[in-house]
Amino acid sequence: MNKIFSISVLAAGVLTFASCSDFLDQKSPSEQDNESVYNSEYYTGQQINKIYGQLTLDRTYSQDWAFIFGMNSDTELVDGLGSNATNTSSERGNMNYNASPGWSKLSGTWTAMYDVIEQCNLAIDGIENSGIKDNSTMQHYLGEARTVRAMVYFDLLRVFGDIPLKLEPTKSDLSNAYIGKTDRDSIMDVLMDDLDKAIDELPWAGQSSYTTEHATKGYAHALLAQMALTRAGYAIRESAKSGYETASYSDPTYPTQRPDAATRKALYERALKHLTAVISSGVHQLNPSFKNEWYLINQLTLDQTYRENLFEIPMLRNVSGELGYTVGVRLNGVTTDYGYSNSSGKMKVTAPLFYSYKSGDERRDITCSQIQISEGTDVKGNQATVESMLGNAPFALYVGKWDPRKESEAWLSENKKASAKHMTGINVVKIRYSQVLLWYAEVMNELAGPDGSYSGDAGLTARQALALVHERAYSSDDKSTAANYIASLPTDKEGFFNAIVDENAWELTGESARKYDLIRWNLLAEKIKEMKQTYLQELADGTYQKTIYFNYADAAHKTIDMSSVTWNGLPDNKTAADYDASVNSFGNSDASKVSDTQVYTNLPSISSGLVPTSVSGGEITFSEPSVINRYLMPIASTTISASNGKLHNSYGYSD
């Protein structure tokens, strides 16, 4: 039966798992009619659990929406370089913006996400028509369904643009199953109003036994604010919208536009209201340690003290969760210490990002992993699991935030027994409190400048909010350095905004967040160009070392002491003889040689569909793509063919 999206009873009924034990309880009340289900708190709870279960599938948030669609930005790359960057049958070509409606993954993820929406619609309709809808438990369930539906729609429109909007269950005669696109601004307007309802219905994390593995009031506030900022920002349009501002870098047929100044101000004020609510609540705070924040995520441990992660989509070890397997620190082959290998090469980060971090910023070595772990020999020649440096791989650093060295003993025990792909169970974090602070800094800067106050604010200036994020990343010995940096930032809006853009990269790289912020700022193409230019400049000016030296942290030479690595050259009074080992590094590329793979093959191929690039004689040239700012994915050909003529592609994509 052809529909624009699947109404998958099977997907709704399949037992899926999450890391919080209550989500395991998903008994199907198959013999119950809809009225009976939603007049029972117990059976309604089963339906809500099934919605969370659907979020753990590969085509939803275990893989595709956890990291695939978040590539490519200026700091995060799919592992598609050279000829792989034009391979439209996989994410390697599609995420380099050489996208094709024939890519098989597009139809699967579209169907899976609309299946989640259908289940949310069923739950919302059932609860709203329930005889017990007004009790607190049912209201909580209603708020969860509204919030998850808003999240899924929001993610879909950020990837596909204008999409069908359907806020009711599918009728048995399919009279409402085939519908066309709705303008994404209209969708966000509807969803923001719906989130306002959800906020009133939901508890805060820590209330009514709710953890951050549920959608809670704090997440709904933050999601609404994120949506308001996206609504205020730039987007490529299927056609020009009257009264909107067109960007200077824009396609003549498919313009990049944003709302007028008055509309943007109202949206900033709306975002401020909800960001202030989160900040003022005190429920969510920064974990004082960036390192500990990521240790807990790898350990599958919910932080009940700071609750920095406003919502974690709950996965289950050995069942779901690609983070730490398909993206993360590399386990290259089966090892004695860690067991089965991973394939963590899917997302990479870059040398320009690595070298952009300020001295003392602890986020650098957590975000950018320069090592891989494999089975080798120790200093005495005995077989051992050892760490090794990557060498000259300026566009192929691993994302270090997900790290097998930090994962739990339970995962390790299972991985040592595994002989095939073994899921980590690491939760997908949708919004962290640091993002709330960065959005708050952005909004306050727009409304009041870096140091002004504004009606309804949280008692923080933009500079103070930015300082909380930046200074958290430094040890006690380096706090003054971080504070001096914040104090030195410009006092004008434009200059301070640039600092927010930088902080966004340092804080969020690897988390599939930066790309979407760059899009709404209309900086995606510009920042990718800047990254490419920076690489050639740093290669030319000697920023990158030809050889880096390092020591081991143990006598057996199994573990590298990352604090010893000479990223900026040998320190004064040190020679190569003072180090245990060395490896060739980024400085070994040579722009004077057309045979150099990094300069003449890999660099031009990065995001080539969005930023066509050529290099000649060490000089870089950018040309315009077929459609400027075409960062959106096409709708799959199979989805279009099943839509009864209701759906068509735009932006120059074929159907």
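In this structure, the ring-ring contact (aromatic ring centres under 6.0 Å, His included) partners of Tyr651, at least two apart in sequence or on a different chain, are Tyr254. Annotation: side-chain hydrogen bond (donor to acceptor under 3.5 Å, both in side chains) contacts of Asp155 (sequence neighbours excluded): Tyr61, Arg158, Lys430. With sequence neighbours excluded, no residue forms a side-chain hydrogen bond (donor to acceptor under 3.5 Å, both in side chains) with Gln226. Trp439 pairs by the ring-ring contact (aromatic ring centres under 6.0 Å, His included) definition with nothing, not counting sequence neighbours.
A salt bridge does not link Glu128 with Lys197: every distance from a Lys NZ or Arg NE/NH1/NH2 to an Asp or Glu carboxylate oxygen is 4.0 Å or more. Between Asp196 and Arg270, at least one side-chain nitrogen of the basic residue sits less than 4.0 Å from a carboxylate oxygen of the acidic one, meeting the salt-bridge criterion. A salt bridge between Arg472 and Glu293 is absent, with no side-chain N of the basic residue lying under 4.0 Å from a carboxylate O of the acidic one.
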Does the pair Arg432 and Glu507 meet the rule for a salt bridge (Lys or Arg N to Asp or Glu O under 4.0 Å), with working shown? CA-CA 10 Å; Arg432 292 199 286 120; Glu507 179 72 18; 2.9 Å; yes

List the steps and the verdict of side-chain contact (heavy atoms from CB on, under 4.5 Å) for Asp74 and Arg514. CA-CA 9 Å; Asp74 57 333; Arg514 180 165 176 80; 2.7 Å; yes

For Val399 and Thr367, run side-chain contact (heavy atoms from CB on, under 4.5 Å): C-alpha distance rounded to whole Å, both residues' side-chain angles, the deciding distance at 0.1 Å, then the answer. CA-CA 6 Å; Val399 181; Thr367 302; 5.5 Å; no

Should Glu308 and Val429 be marked as a side-chain contact (heavy atoms from CB on, under 4.5 Å) after you check the CA-CA gap, both sets of side-chain angles, and the distance that decides it? CA-CA 10 Å; Glu308 177 169 337; Val429 178; over 6 Å; no

Apply the test side-chain contact (heavy atoms from CB on, under 4.5 Å) to residues Asn629 and Asp251: give CA-CA distance (whole Å), side-chain angles for both, the deciding distance (0.1 Å), then the verdict. CA-CA 7 Å; Asn629 278 339; Asp251 192 81; over 6 Å; no

CA sep, side-chain torsions, deciding dist, call: Glu201, Lys133, salt bridge (Lys or Arg N to Asp or Glu O under 4.0 Å): CA-CA 11 Å; Glu201 295 158 350; Lys133 66 179 180 179; over 6 Å; no

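For the residue pair Tyr141 and Glu41, no side-chain donor N or O sits within less than 3.5 Å of a side-chain acceptor on the partner. Looking at Asn121 and Asp125, their side chains never bring a donor and an acceptor atom within 3.5 Å of each other. Looking at Asp115 and Gln54, their side chains never bring a donor and an acceptor atom within 3.5 Å of each other. No side-chain donor from either of Asp303 and Asn309 sits under 3.5 Å from a side-chain acceptor of the other. Inspection of the Tyr244 and Asp185 side chains reveals an N or O donor paired with an N or O acceptor under 3.5 Å. Thr256 and Asn522 share no donor-acceptor pair across their side chains, judged by distance under 3.5 Å alone. In this model, no donor atom of one side chain and acceptor atom of the other lie less than 3.5 Å apart for Glu213 and Tyr52. Side-chain polar atoms of Glu118 and Thr170 form a donor-acceptor pair below 3.5 angstrom.
We find the CG-CG distance between Asn504 and Leu438 to be 6.5 Å, quoted to the nearest 0.5 Å. For the atom pair Glu269 CD and Leu267 CG, the distance stands at 9.5 Å (nearest 0.5 Å). Atom-to-atom distance recorded for Glu442:CD and Leu229:CG is 5.0 Å, nearest 0.5 angstrom. With values rounded to the nearest 0.5 angstrom, Lys401 atom NZ is found 13.0 Å from Ile426 atom CD1. Here Ile279 contributes atom CD1 and Tyr440 contributes atom OH; the two are 5.5 Å apart, rounded to the nearest 0.5 Å.
Counting heavy atoms of neighbouring residues, nucleotides and ligands inside a 6.0 Å radius, atom NZ of Lys273 does not exceed 12 of them. Atom CD of Gln304 sits in a crowded spot, with more than 12 heavy atoms from other residues, nucleotides or ligands closer than 6.0 Å.
Judged as a salt bridge (charged side-chain N to carboxylate O under 4.0 Å, His left out), the pairs with a partner in residues 495-504 (not counting sequence neighbours) are, in order, Arg363-Glu503.
Put simply, the side chain of His274 never gets that close to the backbone of Ala222: no donor and acceptor are under 3.5 Å apart. No donor-acceptor pair closer than 3.5 Å links the side chain of Asn427 to the backbone N or O of Thr301. A donor-acceptor pair under 3.5 Å is formed between the side chain of Thr276 and the backbone N or O of Leu272.
Between Trp294 and Trp402, the angle of the ring planes goes over 60°, which puts this pair in the perpendicular group of the 30/60° scheme. In this structure, Phe497 and Trp521 have perpendicular ring planes: the angle between them is above 60°, well past the 30° mark. Between Phe160 and Trp110, the angle of the ring planes goes over 60°, which puts this pair in the perpendicular group of the 30/60° scheme.
Looking at every heavy atom in both residues, Leu468 comes nearest to Leu286 through O-CD1, 3.3 Å. Across every non-hydrogen atom of Phe311 and Ala215, the tightest pair is CE1-N, 3.7 Å. Residues Pro169 and Lys166 approach most closely at C-NZ, 3.6 Å, considering heavy atoms. Of all the heavy atoms in Met95 and Ile68, the pair that sits closest is CE-O, 3.4 Å. The two residues Tyr631 and Tyr234 come nearest to each other via the heavy atoms OH-O, 4.4 Å. Across every non-hydrogen atom of Pro164 and Leu647, the tightest pair is CG-CD2, 3.8 Å.
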Please list, one pair per line, the donor and acceptor atoms closer than 3.5 Å that link side chains of residues 443-452 to other protein atoms, with sequence neighbours excluded.
unit_1 : atom_1 : unit_2 : atom_2 : d
Asn445 : ND2    : Lys493 : O      : 3.0
Asp451 : OD1    : Arg463 : NE     : 2.6
Asp451 : OD2    : Arg463 : NH2    : 3.0

